[in-house]
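Atoms within each ligand, like the ligands themselves, are counted from 1 in listed order.
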Amino acid sequence: MAPRVRTTARTDDGTAAAIVPPDAGIDDLRAAAAGCRACDLWARGTQTVFGAGAEGARMLFVGEQPGDEEDRRGAPFVGPAGKLLDRALAEAGIDRRAVYVTNVVKHFKWVPKGKRRIHSKPSGREIRACKPWLEAEIEAVRPDVVVCLGATAAQALLGASFKVTERRGELIDAEGRRAAATVHPSSVLRAQDDESRRAAYAAFVDDLRRVVAALGRC
Ligand code: URA
């Protein structure tokens with residue numbers, strides 16, 4: 001009889017908590033997350049897309065979930081939204097190589113549309129399942145500020161009633177952790193026309209600049 005090899009990581013409480021290695025660095029967390037099956041999204045995505053960047057970064061950025069390109073390449077924010085993020089970070093004086101970038105949910109959730117894979121919003125259950133990975137990343141990186149990109153990240157970390165539109169660009173004390181929220185770079189790309197896209201982009205860069213300035217004053 002073939003030996004039973006444990007290649008998957010199922011969990012009892014419906015979250016990844018039981019399989020997150022305690023006090024682990026990013027490389028060990030990434031290795032453990034590669035086999036995560038805390039929710040069903042592992043079956044739909046190509047691979048777990050764990051966070052990436054500088055361990056010890058002062059700024060940790062959190063998006064919603066990997067997109068199509070991130071799913072194929074296995075790295076966060078490397079597709080169109082990531083390119084816009086890179087440009088905005090540079091304009092705000094932030095070096096992408098000096099930050100850590102991740103997502104609330106580490107698998108790409110999508111539905112087919114012809115030959116395309118269309119982004120589908122993660123459910124509350126999927127967000128809860130994945131959250132222990134994000135908490136462990138924050139613990140390992142210990143950033144000065146966690147910057148939430150968009151409502152999914154902001155509500156996962158700052159509470160379900162948090163409104164990005166009302167508090168964007170503000171430095172917030174969230175249970176002893178410094179956080180901030182701004183729009184998701186994809187929302188800038190989705191703007192209706194060039195003029196509104198330019199305005200949305202300028203407001204996004206402005207939020208990032210405000211966070212950097214506020215951090216400087218801390
Ligand atoms: N959108 C996200 O929220 N995260 C990515 O990594 C890419 C697109």
Visitor: Is any N or O atom of A81, backbone or side chain, closer than 3.5 Å to an N or O atom of ligand 1?
Guide: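 There is no such contact.
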Visitor: Does M59 form a side chain to side chain contact (heavy atoms under 4.5 Å, CB included) with V211? I'd like the steps, not just the answer.
Guide: CA-CA 10 Å; M59 302 181 87; V211 175; 3.9 Å; yes
Visitor: Which of the atoms of ligand 1 are close to G63, meaning less than 4.0 Å from one of its heavy atoms?
Guide: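 Those of ligand 1 that fall under 4.0 Å from G63 are 3 (O).
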Visitor: For salt bridge (charged side-chain N to carboxylate O under 4.0 Å, His left out), just list the numbers for K109 and E64, CA-CA rounded to whole Å, side-chain angles, deciding distance to a tenth of an Å, and then say yes or no.
Guide: CA-CA 10 Å; K109 182 175 181 182; E64 182 191 82; over 6 Å; no
Visitor: Within a 6.0 Å radius of atom CG on D173, are there more than 12 heavy atoms belonging to other residues, nucleotides or ligands?
Guide: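 Yes, enclosed.
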Visitor: Polar-atom distance check: N103 versus ligand 1, any N or O pair below 3.5 Å?
Guide: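 Yes; the residue has a nitrogen or oxygen that sits under 3.5 Å from a nitrogen or oxygen of the ligand.
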Visitor: Are L189 and V205 grouped together when hydrophobic residues (ILVMFWY) are joined by side-chain heavy atoms under 4.5 angstrom apart?
Guide: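 Linked within one cluster.
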Visitor: Tell me: protein heavy atom nearest atom 5 (C) of ligand 1, and distance?
Guide: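 In this structure, atom 5 (C) of ligand 1 has Q65 O, 3.4 Å as its nearest protein heavy atom.
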Visitor: Around atom 3 (O) of ligand 1, find the nearest protein heavy atom and jot down its residue, atom name and distance.
Guide: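 It is H184 NE2, 2.6 Å.
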Visitor: What atoms in ligand 1 come closer than 4.0 Å to a heavy atom of G67?
Guide: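 Numbered from 1, ligand 1 contributes 7 (C).
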Visitor: So, taking the atom named CG in D71 and the one named CZ in R117, what distance separates them when rounded to the nearest 0.5 Å?
Guide: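 Taking CG in D71 and CZ in R117, the distance rounds to 4.5 Å.
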